[in-house]
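Note that the coordinates shown come from a computational prediction; the quantities given were computed from them, not determined experimentally.
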Amino acid sequence: DLVLVLPSRRASLFLTTEFSKFIDKPIWLPEVYSVDDFFFKVNNLKNANSLELFFSLYFSYKKHVNNPQSIERCYNWANILLSDFNEIDKSCVDHEKLFDYLSDIKRIEGWYLDLESNRDEIDQYLEFFQNIKAIYRELVSELLSNNIAYSGLAQRLVSDNVDIVTDWLKKNKKHKI
């Protein structure tokens with residue numbers, strides 16, 4: 001009937017341990033989730049591991065960039081980009097506008113880049129930022145088609161559709177959070 005959602009797994013474990021100190025006979029405790037676990041549960045998604053995220057990102061990147069970097073070179077910056085995507089989604093930022101703005105900034109920065117440097121690298125850099133919106137969309141689509149997500153994406157999905165929580169509660173015959 002009741003679902004408890006706590007800030008972390010540690011808090012969930014601590015609470016169940018404390019409950020057990022006061023109970024001397026077997027009982028059914030309410031379901032206890034961390035906030036992150038609850039978002040994944042409600043969305044019926046699994047938390048993607050770092051390799052799943054990296055390869056999904058790399059394949060999305062390769063689809064949208066004409067001359068992609070090697071997988072080894074991509075690996076050097078992929079975790080930073082995935083972390084940024086996670087923060088963007090956790091903050092529920094309008095990613096379309098953000099990526100348009102970011103692309104414009106990088107294009108303007110291109111005006112001031114050292115002309116003596118490798119022009120191909122500059123062009124690749126600018127092309128990446130021009131396609132970042134498509135890369136993000138492709139990544140999200142790929143992850144969701146495999147029923148996996150990263151934490152920020154799971155949170156964004158709930159914030160974009162709060163009714164999913166109510167539906168989950170009804171489906172699982174729960175009445176209170």
Specify whether Tyr136 and Phe85 have parallel, tilted or perpendicular ring planes, treating 30° as the upper limit for parallel and 60° as the lower limit for perpendicular. perpendicular
In one Ile/Leu/Val/Met/Phe/Trp/Tyr side-chain cluster, 4.5 Å: Tyr33, Ile177: yes
Test side chain to side chain contact (heavy atoms under 4.5 Å, CB included) applied to Leu157 and Val42, step by step: CA-CA 10 Å; Leu157 293 171; Val42 166; over 6 Å; no
Taking every heavy atom of Pro30 against every heavy atom of Leu4, the minimum-distance pair comes out as CG-CD1, 3.8 Å
Give a yes or no on whether Leu29 and Leu13 share a hydrophobic cluster (residues Ile, Leu, Val, Met, Phe, Trp, Tyr; joining criterion: side-chain heavy atoms under 4.5 Å apart). no
Ile148-Phe40 co-clustered via ILVMFWY side chain contacts under 4.5 Å: yes
Taking every heavy atom of Glu127 against every heavy atom of His64, the minimum-distance pair comes out as OE2-O, 4.2 Å
Does a side-chain N-to-carboxylate-O contact under 4.0 Å join Lys41 and Glu31? no
Consider only side-chain heavy atoms of I, L, V, M, F, W and Y, link residues closer than 4.5 Å, and tell whether Phe19 and Ile27 are in one cluster. yes
Is the number of heavy atoms from other residues, nucleotides or ligands under 6.0 Å of Lys174 NZ greater than 12? yes
Interatomic distance, CD1@Ile132 vs CG@Asp84, rounded to 0.5 Å, equals 8.0 Å
State whether the side chain of Arg156 and the backbone N or O of Val93 hold a donor-acceptor pair below 3.5 Å, judged by distance alone. yes
One pair to check against side chain to side chain contact (heavy atoms under 4.5 Å, CB included): Phe128 and Ile135. What are the steps and the verdict? CA-CA 9 Å; Phe128 171 77; Ile135 293 168; 3.8 Å; yes
To the nearest 0.5 Å, what is the distance between CG on Asp1 and NE2 on His175? 4.5 Å
In short, Ser34 meets Ser12 closest at the heavy-atom pair N-OG, 3.7 Å
In residues 43-60, what donor-acceptor pairs under 3.5 Å come from side-chain atoms, sequence neighbours left out?
| from | atom 1 | to | atom 2 | distance (Å) |
| --- | --- | --- | --- | --- |
| Asn43 | ND2 | Phe39 | O | 2.9 |
| Asn43 | ND2 | Ala154 | O | 2.9 |
| Asn49 | OD1 | Leu51 | N | 3.0 |
| Asn49 | OD1 | Glu52 | N | 2.8 |
| Glu52 | OE1 | Asn49 | N | 2.8 |
| Ser56 | OG | Glu52 | O | 2.9 |
| Tyr58 | OH | Gln69 | O | 3.0 |
| Tyr58 | OH | Ile71 | N | 3.3 |
| Ser60 | OG | Ser56 | O | 2.9 |
| Ser60 | OG | Leu139 | N | 3.3 |

Of all residues at least two apart in sequence or in a different chain, which pass the side chain to side chain donor-acceptor pair (under 3.5 Å) check with Tyr61? none
Out of curiosity, does Val65 fall in the hydrophobic cluster containing Phe129 (side-chain heavy atoms, cut-off under 4.5 Å, transitive links)? yes
Tell me yes or no: between the side chains of Gln155 and Ser151, is some donor less than 3.5 Å from an acceptor? yes
Please list, one pair per line, the donor and acceptor atoms closer than 3.5 Å that link side chains of residues 164-172 to other protein atoms, with sequence neighbours excluded.
| from | atom 1 | to | atom 2 | distance (Å) |
| --- | --- | --- | --- | --- |
| Asn172 | ND2 | Trp168 | O | 2.8 |

Take Phe99 and Ile88, measure what side chain to side chain contact (heavy atoms under 4.5 Å, CB included) needs, and give me the verdict at the end. CA-CA 10 Å; Phe99 294 144; Ile88 288 166; 3.8 Å; yes
Check whether Asn79 reaches the backbone of Tyr75 with its side chain - one donor and one acceptor, N or O, closer than 3.5 Å. no
Within the structure provided, determine whether Phe38 and Val3 are in side-chain contact (heavy-atom separation under 4.5 Å). yes
